[in-house]
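Taking it in order: structure first as structure tokens, then the write-up.
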Amino acid sequence: MLAAPHPDSLPGHLAHNVLHFARVLRSAGMPVGTDRVQMALQALLHSGLESRADFHAALQACMLSKAEHRVLFNQAFALFWKDPDLEGRMRALLLPRVQLQEKTPLKIPENRRLAAALFPHAPRPSHPSRRPTSWTCKPA
């Protein structure tokens with residue numbers, strides 16, 4: 001078995017961020033074991049830091065075990081490793097939309113389960129109360 005690299009051997013907080021990313025994937029329903037996280041950290045030591053595509057490929061090769069999880073992985077990767085206002089976007093997903101005026105559809109559909117995995121303590125949207133379907137009138 002490969003030993004996990006020391007967190008200081010990768011630049012910045014990369015090792016800690018990879019661990020957090022794996023936790024997000026687990027919370028979203030992907031089976032990512034500690035062995036896969038160790039393998040990803042080892043792979044990043046040897047390659048995967050030259051470009052964003054290499055980094056994505058290294059993490060995907062190490063953490064993805066089933067083809068049906070590819071869409072969820074790609075969505076999580078795009079949100080986790082790119083958007084500096086990630087928390088704002090995820091919180092916006094949990095809020096009800098009042099008016100939608102999009103002219104072009106999003107390339108990747110937003111995933112509420114992924115939002116819940118990234119921010120488990122965020123407030124959930126409340127459902128508006130429903131009116132009764134039948135009305136009764138009192139005699140005057």
Rounded to the nearest 0.5 Å, how far does [atom2] of [Y] lie from [atom1] of [X]?
X    : Y   : atom1 : atom2 : value
R113 : S27 : CZ    : OG    : 9.5 Å
L72  : F77 : CG    : CZ    : 13.5 Å
L41  : C62 : CG    : SG    : 9.0 Å
M30  : R26 : CE    : CZ    : 10.5 Å

On a heavy-atom basis, which atom in [X] and which in [Y] lie closest, and how many Å separate them?
X    : Y   : value
H46  : Q42 : CD2-O, 2.9 Å
L25  : A76 : CD2-CB, 3.7 Å
M63  : A40 : CE-CB, 4.0 Å
W81  : N17 : CH2-CB, 3.5 Å
R36  : S65 : NH2-CB, 3.6 Å
A117 : V24 : CB-O, 3.6 Å

Could you check whether any side-chain heavy atom of [X] comes within less than 4.5 Å of a side-chain heavy atom of [Y], counting everything from C-beta outward?
X   : Y   : value
P31 : H69 : yes
F73 : K66 : no
F55 : L14 : yes

Who pairs with R70 by side chain to side chain contact (heavy atoms under 4.5 Å, CB included), at least two apart in sequence or on another chain?
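Per chain and number, R70 pairs via side chain to side chain contact (heavy atoms under 4.5 Å, CB included) with Q60, L64, A67, N74.
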
